[in-house]
Amino acid sequence: MNDSSGGLAARLGLFDATMVVMGGIVGSGIFINPYVVARLMHTPALILGAWIAGGALALIGAFVFAELAERMPSVGGQYAYLREAYHPLAGFLYGWANMLVIGAGGTAAVAVTFAKYFRELTQIALPENVTAVAVVVALTVINCLGVRAGSGVQSFFMVLRILAVALLVGCGAWFITHSLAAPHPAWHPLLDRPVSFDLLTVFGATMVPVMFAYGGWQTSNYIASEIREPRKNLPRALLLGVLGVIVLYVSVNFIYVEALAPARLAATGTPASEVMRRALGIRGAWLIAAAIAISTVGFLSSAMLTYPRVYFAMAHDGLFPRRLAQLDERSRAPVAAIALQGGVTTTVVLLGTFEQILSYVVVMDWLFFALAGACLFVFRRREKRNGAAANAAAGKSYRVPGHPWTTGVFVAAAFFIVINTIYKYPRNTCVAMCILFAGVPVYLLFRGRARRSSGFE
């Protein structure tokens, strides 16, 4: 297998890697997305059930990616798995979609979310796109200083995010237990409609905002070669990080349901602010606005740390410009790849197309989750064909519990989310697929150049 570490420095420990896992997941979604879920599901049991189901799926995904990381602790994560399991084109298309849809749409939208709350907090009348670009540029520069600097900023903001969620849960719990204004909705009936195909498709649609909020654990795999003892620390970080996020998300959504009730939750686009306003008044709303601003900066820091490693790995394989595979002599950071991520995100912010691109993110993300999960079947089959002696020599130790059933459930659920999203939003997913397959001629161009240049072989 092709190792494209290319001299990246292994400077991150278990704590850093765990913070990267959590940082790749926890953005602004948990403070906003629950109202979208409540618009689709109208009982407390269904709302909380959607977040528990999403957490269970994310945990199985973490198991799958932990084994993939143990097998291939290479820079690039999913790109490397798809390249080795299927074909270099599959890996390239993932990187292409990551650059133009998954990474660009997600980071641009979060940058603008930060700008909205920054203006609310400071009352500084700067255009939102100016503030959004400023924070993207600042984090781009920080990450160019090296993985240690970027990870330090990321870990600091992740700890603040955990404290912010804990504050929200604590204040909400106080409101629920001490205020007569708390609605305490009935948890019966469990369902808002009969068990039917309609319930299944609506639940599938609910998984779009839920899984968007849970998505991102795979970004830690992009920096596997920069983690000390990655075969031991990365699987641990994945499991610890995802479990921590499940606890945070389920706790917060229980507070939302109990403090607001489903109808009120569905009616407000800022449920976190509403809960804090009820608990502490205007001061509470200000505190949570600050927490959301911190959370968005933390997510952006994680994105600027991890996404560029995909482009670095692609350039190392000759599928992107050679310049992106070069490291800064002092920081050992892929400065050009980081600058590319910052530039693409800035462009999307300035064009104002981030909201449209964001609607494409889930279908692309989960299509490649499904394909990456299926990589495990390919690798296991190759391993079996090569014989037990080769397996022992490879030193493999981590295995997905319950494979092939758990892995199969993850792959099937990922494809269900993709198919249901296509069914519910055909126009947006058609555009997303067009963007994806536009990468095929680009791949052929770079592949042709790579074959003519021994430096890329």
Side-chain angles (χ1 to χ4, degrees), residues 14-15 17-27 29-30 33-34 37 45-71 77-78 81 158 161-162 165 169 203-204 206-222 224 227 230-254 299 302 306 362 365-377 379-380 397-418:
L14 177 60
F15 174 78
T18 303
M19 291 300 100
V20 170
V21 172
M22 298 184 74
I25 301 173
V26 182
I30 189 56
N33 286 12
V37 176
L46 281 175
I47 293 170
L48 207 61
W51 289 96
I52 293 172
L57 185 57
L59 184 59
I60 297 173
F63 285 136
V64 171
F65 274 74
E67 180 169 337
L68 289 170
E70 200 274 345
R71 287 173 174 274
Q78 272 174 280
Y81 313 147
M158 188 61 240
R161 275 182 280 177
I162 293 172
V165 174
V169 172
F203 194 83
T206 303
M207 287 294 100
V208 172
V210 169
M211 298 319 300
F212 182 83
Y214 271 115
W217 73 83
Q218 79 286 358
T219 56
S220 60
N221 291 46
Y222 300 162
I227 297 173
R231 284 198 162 93
K232 179 178 73 173
N233 286 330
L234 186 49
R236 290 179 180 178
L238 280 162
L239 301 182
L240 289 173
V242 172
L243 283 171
V245 171
I246 291 171
V247 171
L248 294 177
Y249 279 16
V250 174
S251 300
V252 166
N253 279 280
F254 177 80
F299 178 87
S302 176
T306 55
V362 169
D365 221 3
W366 282 89
L367 172 63
F368 285 106
F369 276 150
L371 294 174
C375 287
L376 202 52
F377 292 103
F379 293 147
R380 291 251 190 151
S397 58
Y398 182 84
R399 290 292 184 269
V400 175
H403 180 89
W405 303 108
T406 47
T407 307
V409 166
F410 175 76
V411 173
F415 274 124
F416 171 72
I417 292 171
V418 172

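Keep in mind that what you see is a predicted model, and the values were worked out from it rather than measured.
A 4.5 Å side-chain heavy-atom check between Val252 and Trp51 finds every atom pair outside the cut-off. Side-chain contact between Arg71 and Leu376 is present, with heavy atoms from C-beta onward closer than 4.5 Å. Within the 4.5 Å cutoff, no side-chain heavy atoms of Ile30 are placed close to those of Ile25. Considering only heavy atoms from C-beta on, Met22 comes within 4.5 Å of Leu248 through its side chain. Side chains of Glu67 and His403 form no contact here, defined as non-hydrogen atoms less than 4.5 Å apart. Inter-residue side-chain proximity for Val411 and Phe369 is flagged as unmet; no heavy-atom pair is nearer than 4.5 Å. With a 4.5 Å cut-off on side-chain heavy atoms, Val37 and Val210 count as touching.
Here Ile246 contributes atom CD1 and Ser251 contributes atom OG; the two are 11.0 Å apart, rounded to the nearest 0.5 Å. Interatomic distance, Leu238 CG to Asn233 CG, rounded to the nearest 0.5 Å: 11.0 Å. Rounded to the nearest 0.5 angstrom, Leu57 CG and Thr406 OG1 are separated by 11.5 Å. Taking CE of Met211 as the start and CH2 of Trp366 as the end, the distance is 3.5 Å to the nearest 0.5 Å. In this structure, CG in Leu46 is found 8.0 Å from OG1 in Thr206, a value given to the nearest 0.5 Å.
Ring orientation note: the planes of Phe65 and Tyr81 are nearly perpendicular, at an angle over 60° on the 30°/60° scale.
Of the possible donor and acceptor atoms, none in the side chain of Tyr214 sits under 3.5 Å from a partner among the backbone N and O of Leu59. In terms of modelled atom types and a separation under 3.5 Å, the side chain of Tyr249 and the main chain of Ala213 share a donor-acceptor contact.
In plain terms, the two heavy atoms of Gly408 and Phe377 that are nearest each other are N-CZ, 3.9 Å. Of all heavy-atom pairs between Leu14 and Arg236, the closest is CD1-CB, 3.8 Å. Listed here is the closest heavy atom pair of Leu48 and Phe254: CD1-N, 3.6 Å. Here the closest non-hydrogen pair linking Val242 and Ala62 is CG2-CB, 3.6 Å. Between Met207 and Ala50, the closest heavy-atom pair is CE-O, 3.3 Å.
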Side chain to side chain contact (heavy atoms under 4.5 Å, CB included) evaluation trace for Leu68 with Phe379: CA-CA 9 Å; Leu68 289 170; Phe379 293 147; 3.7 Å; yes
